[in-house]
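Here the structure comes first, spelled out in structure tokens, and everything after it is commentary.
Scope of the values below: all heavy atoms of this structure, side chains included, with no hydrogens, waters or symmetry mates.
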Amino acid sequence: MIHVRDLTVTFGQGTRSVRAARDVSFTVAKGESFGLVGESGSGKSTVLRVLAGLNPYWTGEATVGGVAVAGRDARLPRMVQMVFQDPYASLHPRHTVDRALSEPLEIQGIGDVGPRVERALTDVGLGPAFRFRYPNQLSGGQRQRVAIARALMLEPKVLLLDEPTSALDVSVQAEILNLLRRLRQAHGLTLLLVSHNLAVIAHMCDRLAVMNRGQVVEEMDVATLRRQEPREAYTRQLLLASRGYDREVAAGIVTYD
Amino acid sequence: MSTPLLEVEDLRVTFPTPTGPFHAVRGVSFTLGRERLGIVGESGSGKSLTGRSLLRLLPAHAKLEARRLRFDGKDLLTASPREMRALRGKRISLVLQDPKYSLNPVMRVGEQIAEAVRDRGDPKRRALEMLEAVRIRDPERVYGLYPHEVSGGMGQRIMIAMMLAPEPDLLIADEPTSALDVTVQMQVLAILDDLVAKRGMGLIFISHDLDLVSSFCDRVLVMYGGRVMEERHARDLRAATHPYTRGLLNSLPRIDDDRAELPTLQRDPEWLKE
Ligand SMILES: Nc1ncnc2c1ncn2[C@@H]1O[C@H](COP(=O)(O)OP(=O)(O)OP(=O)(O)O)[C@@H](O)[C@H]1O
Ligand SMILES: Nc1ncnc2c1ncn2[C@@H]1O[C@H](COP(=O)(O)OP(=O)(O)OP(=O)(O)O)[C@@H](O)[C@H]1O
Ligand SMILES: [Mg+2]
Ligand SMILES: [Mg+2]
């Protein structure tokens, strides 16, 4: 469903340039849920933005559902949608929920807008009562539900999720994770999920890739993650750090290049 | 023990609304020494407002009341705006929940840090040191970037660098590490830990991450509906008995469990009875 090969993304020029992604390759099967984890600044959001067609400057191969991302194919928005980390920034403050959800339909020239909006709101557990609210009349969890509903408006086959719950409290996080699991089953969605919370990845994903400095350092299945038996030293360090704060572990953290 | 660094007694924050006053913080009390105090609780429970009250950084229509609000012996309720400005950013620093809103979008991040330390030595060198201290790779490059060019976790560390630069006595950190990967998070926490242990800084650490707070802090307040439900030694948080705290703990996914559905909080009106 998702196919990425030798994806390389460079920002800036000359000495100031940075390779945000270097020869990144991975494949996600239809209906699978795939995680991306790794250090801050390692290029996870960059990879997602390329797949969402939001970053035009890259080299390599990337296809979603057989459609090449580079071609800016008109079918792409109906194939793949992205949910951003920040539910506060991703909705326009002066647009109602109704407008946020109708917009993608109107851009694509899809009719039957009203009923579709109401169905999407019901799908994410909000219901039609929320249709004419503004973002500042919603809690963080409700906003993230609206962002997910908007991503689902065009009935995409693939959902790209960039830290969808890191701005939410743990109970709302549980609601959103339950929702995503349910939607994935109901619609046969393929998920690509970025999170620095390894427990969230273990809960949601079948397989994952670990990134460092723009590169994929290893790929593993979720059973390996649960058993905490990674191959690479970098990943071992990541797992150790995820067990909670420990001054000695902190002192032993090394940088991998 | 001598007088604590911070004393908070019966803190209340109220907003007027068309349907009557909304009590966002209702009677929060705690003291803070040179230690790490965690504040956890669901969204909207009043954590950020509690933190902001200590600097009197509230929206103009908010009403702030307390029986006692003292920092290092100084009464924060009666301090003049000028005295408050002198405390803010020098003796008390606040790392805000959302770095993207607190950084100036049209100024290079390095220059923003340099401005925070402009009255000491070579500001640029000091800013680069601060970036390095918060484990930013390649500080020279990052110094020259604008806020939209840094990743989520880099923005958060830049904020922390700015707030630590003046060497405050009290740091209020509101979700300071929620966008960081676990290794960088641990290194940033180690910096805060050392400032508490070696320089005697007081730290208020606001977070949704109960496991993190329980491993990092000394004590923890669990907030719900503007109130403190319970106060515990952080190490014992997992053994909490209050149904609200238990509900929060149970809703966390864990790396080694394979529950299909995560339980969500079942709220009980009894929790808010005075
Ligand atoms: N528009 C841009 N201009 C210049 N550099 C950029 C830009 N966008 C991203 N970068 C750089 O690319 C690198 C990767 O950033 P990216 O946002 O993909 O990281 P990330 O893995 O998502 O990190 P985080 O976990 O902190 O969100 C960083 O070094 C960042 O500074
Ligand atoms: N400017 C405001 N006007 C009216 N109500 C407000 C204002 N700011 C905050 N509140 C309300 O006060 C309550 C407490 O807000 P606060 O920001 O302290 O929550 P929090 O515990 O920090 O939540 P989160 O975990 O989502 O950051 C919430 O119900 C919020 O809606
Ligand atoms: Mg990112
Ligand atoms: Mg808050």
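For a residue to count as touching a neighbouring chain, one of its non-hydrogen atoms must lie under 4.5 Å from one of that chain's; by this rule A:S45 does not touch chain B. Neither the backbone nor the side chain of A:V222 comes within contact range of chain B; no heavy atom of the residue lies under 4.5 Å from a heavy atom of that chain. Residue A:A199 touches chain B through both its backbone and its side chain, counting heavy-atom pairs closer than 4.5 Å. Only the backbone of B:E140 comes within contact range of chain A, judged by heavy atoms closer than 4.5 Å. The contact between B:L210 and chain A is made entirely by side chain atoms (from C-beta outward), counting heavy-atom distances below 4.5 Å. Contacts between B:N250 and chain A at a heavy-atom distance below 4.5 Å are absent for every atom of the residue.
Interatomic distance, CD of A:Q228 versus CG of B:D256, reported as 7.0 Å (0.5 Å rounding). The CD1 atom of A:I176 lies 11.5 Å from the OG1 atom of B:T264; values are rounded to the nearest 0.5 Å. A distance of 12.0 Å separates OG1 of B:T177 from OH of A:Y245, quoted to the nearest 0.5 Å. Between A:H203 atom NE2 and B:L252 atom CG the span is 11.5 Å, to the nearest 0.5 Å. To the nearest 0.5 Å, the span separating CG on B:L189 from CG on A:D246 amounts to 11.5 Å. To the nearest 0.5 Å, the span separating OG1 on B:T183 from OH on A:Y234 amounts to 5.0 Å.
Chain B forms more heavy-atom pairs under 4.5 Å with one residue of A:R227, A:R243, A:R181 than with any other, namely A:R181. Counting heavy-atom pairs closer than 4.5 Å to chain B, the top residue among A:G12, A:S42, A:S242, A:S195 is A:S242. By number of non-hydrogen pairs under 4.5 angstrom with chain B, the leading residue of A:V249, A:T255, A:V172 is A:T255.
No more than 12 heavy atoms of other residues, nucleotides or ligands lie within 6.0 Å of NE2 in B:H233, so this atom counts as exposed by the packing criterion. The neighbour count for A:R19 CZ, taken as heavy atoms of other residues, nucleotides or ligands under 6.0 Å away, does not exceed 12.
For the pair B:D181 (side chain) and A:G38 (backbone), a donor-acceptor distance under 3.5 Å is absent. At distances below 3.5 Å, at least one donor-acceptor pair connects side-chain atoms of A:H196 with backbone N or O atoms of B:L180. A:D169 places no side-chain N or O within 3.5 Å of a backbone atom of B:E42 that could act as its donor or acceptor partner. The backbone N or O of A:A174 lies less than 3.5 Å from no partner atom in the side chain of B:S251, so there is not a single donor-acceptor pair.
Side-chain contact annotation: A:S40 with B:R157, donor-acceptor N/O pair under 3.5 Å present.
Scanning residues 209-217 of chain A against chain B with a 4.5 Å heavy-atom cutoff picks out A:N212, A:R213, ordered by number.
Every residue two or more places apart in sequence or in another chain was checked for a ring-ring contact (aromatic ring centres under 6.0 Å, His included) with A:F130, and none qualifies.
Taking every heavy atom of both residues into account, B:L248 and A:V170 meet most closely at O-CG2, 3.6 Å. Residues A:V18 and B:R141 share a closest heavy-atom pair of CG1-NH1, 3.5 Å. Here the closest heavy-atom approach between residue A:L240 and residue B:M186 is recorded as O-CE, 4.4 Å.
You'll find the side chain of A:E39 reaches within 4.5 Å of the side chain of B:R137, heavy atoms only. Here the side chains of B:D258 and A:R226 are in contact, with some heavy-atom distance below 4.5 Å.
The residue from A:I201, A:L198, A:L177 that alone fulfils the side-chain contact (heavy atoms from CB on, under 4.5 Å) condition with B:P253 is A:L177.
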